Amino acid sequence: MKQELAFLIRQALQSAFEAGTLQQKDIPRIDLEIPKIVAHGDFSTNIAMTMAVSQKRAPREIAKIIIDHIEDPDHLLSKTQVAGPGFINFFIALDKWHEILKTVPEEDTAYGTSQVGLGKRVQIEFLSANPTGPLHVGHGRCAAVGDTLSAVLKAVGYEVEKEYYVNDSGRQIRTLGESVFVRYQQLLGKTVDLSAGNYQGSYIKDLARILLDQERERLLGMPEEEAVTLCARFAATRILAGIREDLVAFGVSFGHWFSEQSLYESGTVQAVIQDLKSQDIVYEHDGALWFRTKDFGDEKDRVVVRANGLTTYFASDIAYHKDKFERKFDRIIDIWGADHHGYVPRVSASIRAFGYDGDRFQVLLIQLVNLLRDGKPVTMSTRAGEFVTLREVIDEVGRDAARFLFLLRHYESPLDFDLELAKKQSNDNPVYYVQYVHARISNILKKAEERGYREIDWHDDFSRILTLPEEIQLIKLMARYPDVVARSARLMEPHRIPFYMKELSAAFHAYYHDRNKHKVVSDDAKLSAARLYLVSAIRIIIRNGLALMGVSAPESM
RNA sequence: GCGCCUGUAGCUCAGUUGGACAGAGCAACGGACUUCUAAUCCGUAGGUCGCAGGUUCGAAUCCUGCCAGGCGUACCA
């Protein structure tokens, strides 16, 4: 509809140019927005004002000329007007809105989807929590945002691949192994203590106990190095399995799990370093091997191989991102916690150093979650073992509420997550407000079915029946949904979905509530059919939107 | 010090790429259940959009400088 209107305006400009009523210029970009005030029409454009300078004429004059040149063979518009300093307001003909209502149940689960992604392949890597401890609340936000963004991108026609990068190599894994080995020895009566750098959480003890059951005292007879390696591998595998279970409970699935260790085992990291050497992108200094990231936009050069011969985390990340590009994605999106933001320039630099198009790579930085309990901050640290797990949150608050709450904020804003509040609020939580719409409509449809109304097909009479301002308002809101999804995808802002859902829900609840004025199922069969069609369409959008968020749509509550 | 993010109603937050008188939920106050489910609805009240300049027809939005908070600034991951 917006596109149709933009097309009409473009044609009007063209014909004004040809008629000489406006000076021939390039046709500018046409911005159409939905005015806040109903009296300002369904769409509004500031085109006349932006053209005022180049045309050297008053905006209102230009607006008038454009309107005079608009040809509208399909009768899309019912009214146009020049307003304020030079806005052109457009009023869409009523039956055009009804045409959109008609399409909602026809398109059903596809309503809201589009093809703007053109089938391009996008890879989205998110969460990627180290397998050194269970997922905690902060991870929940990344998981919810990443998963919903994936769904949104898929809805607008991208081919989306979700990936989890498993940091199963390096020092933190070794530390994990050491921690477990200490606990294991303690269980066997040895007097060894955890060092400050070790993982303190009680889950380490649990892992040691399971290990003891499996291996008995076998590890004591091994060289320590070997025992720690065994502990590390055992623990990481076990923890990763737990993470997968938590993600199942949270409703998040990944198409690919990419192991950091595999980059070493296949020799990829070493090959990449050789490659860098031959291209003179790295140099030696103080015994270490440095990447010339500064030449590619980073503030300074970065170490790839330390003086002690060990590679840095950056080394495998270079190899990893090179691998991503070699997998020929059109777009590569990384979602990281904001505490990693200093890392962005060096990864981007490494990508450009290989000659890849840096614009195809984007990083979304999710601001951190501040966990509160009764308004007081709870400090979280995986290492110190002080954290609230995602699993606990799912169990206490529920998956639907948790996902909704995580999405209800722009990802660039820090999020205060108060556990007690989340539980207390569970009754006036926005997620129930939206789900309640689905339940209410489901109930109406059930009742209607008892009275003989089955699947209702569109009838052209409906556009003459559904004419109450509230009904038109609802239809206009429904018509906006595909735009909301497209916009959410383009800006990579999943929070737009729940905000829209709340708005649509509010409009429905208000409509539903005034049952004296417009009860859906009444004695008037035609009217009932039309309104049943309307509410069915609303239910479809609620269901589709909740699906994008990974939130269930209950039949009853 | 430098870099990234944030600052909008008492609280939690939106704000359609610079538009018309700044919006919602919660909290406060006053109302609505003989129902297609009140997990709902209607109304009242509440703002110097952190501060100060600048850009222009027009700024919460863009630029500059301050102020405040968070995060980062390793041959850690």
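Given the structure is predicted, the values throughout are model-derived calculations rather than measurements. Letters go in sequence order (proteins before strands), and every chain restarts at 1.
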Given atom [atom1] of [X] and atom [atom2] of [N], what is their separation to the nearest angstrom?
| X | N | atom1 | atom2 | value |
| --- | --- | --- | --- | --- |
| A:Arg346 | B:rC76 | CZ | P | 11 Å |
| A:Leu415 | B:rC71 | CG | C1' | 15 Å |
| A:Leu310 | B:rC76 | CG | P | 9 Å |

- Query: Angle class for the A:Phe258/A:Tyr320 ring planes (parallel below 30°, perpendicular above 60°, tilted otherwise)?
  - Reply: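 Tilted.
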
Counting any heavy atom closer than 4.0 Å, what does [X] reach on the DNA or RNA strands: base, sugar-phosphate only, or nothing?
| X | value |
| --- | --- |
| A:Arg409 | sugar-phosphate |
| A:His518 | base |
| A:Thr175 | nothing |
| A:Ala439 | base |
| A:Lys36 | sugar-phosphate |
| A:Ala83 | base |
| A:Lys447 | sugar-phosphate |
| A:His495 | sugar-phosphate |
| A:Asp286 | base |
| A:Leu491 | base |
| A:Ala510 | sugar-phosphate |

Under-3.5 Å N/O pairs linking protein and nucleotides 6-9 of chain B:
| unit_1 | atom_1 | unit_2 | atom_2 | d |
| --- | --- | --- | --- | --- |
| B:rU6 | OP1 | A:Glu412 | OE1 | 3.1 |

- Task: For atom CD of A:Glu450, decide whether the heavy atoms of other residues, nucleotides or ligands shown that lie under 6.0 angstrom number more than 12.
- Result: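 Enclosed: over 12 neighbouring heavy atoms sit under 6.0 Å from CD of A:Glu450.
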
- Enclosure of A:Asn308 CG (heavy-atom neighbours >12, cutoff 6.0 Å):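 Result for CG/A:Asn308: enclosed.
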
Base paired to [N] (Watson-Crick or G-U; both N/O distances under 3.5 angstrom):
| N | value |
| --- | --- |
| B:rU73 | B:rG1 |
| B:rA14 | none |
| B:rA52 | B:rU64 |
| B:rG46 | none |
| B:rC57 | B:rG19 |
| B:rA32 | B:rU40 |

Can you find a donor-acceptor pair, distance only, under 3.5 Å between [X] side chain and [N] base?
| X | N | value |
| --- | --- | --- |
| A:Arg490 | B:rU17 | yes |
| A:Asn46 | B:rG19 | yes |
| A:Asn89 | B:rA20 | yes |
| A:His341 | B:rG3 | yes |
| A:Thr312 | B:rA74 | no |

- Hey, do the aromatic rings of A:His40 and A:Phe87 have their centres closer than 6.0 Å?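 Centroid distance A:His40-A:Phe87: not below 6.0 Å, so no.
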
- Looking at A:Lys476, A:Arg531, A:His518, which hits side-chain hydrogen bond (donor to acceptor under 3.5 Å, both in side chains) with A:Glu471?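 Passing option: A:Arg531.
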
Short side-chain N/O contact from [X] to OP1 or OP2 of [N], under 4.0 Å:
| X | N | value |
| --- | --- | --- |
| A:Tyr313 | B:rA77 | no |
| A:Arg515 | B:rC33 | no |
| A:Tyr433 | B:rC41 | yes |

- Taking the six-membered ring for Trp, does A:His40 stack with B:rA20 (centroid gap under 5.5 Å, planes within less than 30°)?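 It does: the ring sits over the base of B:rA20.
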
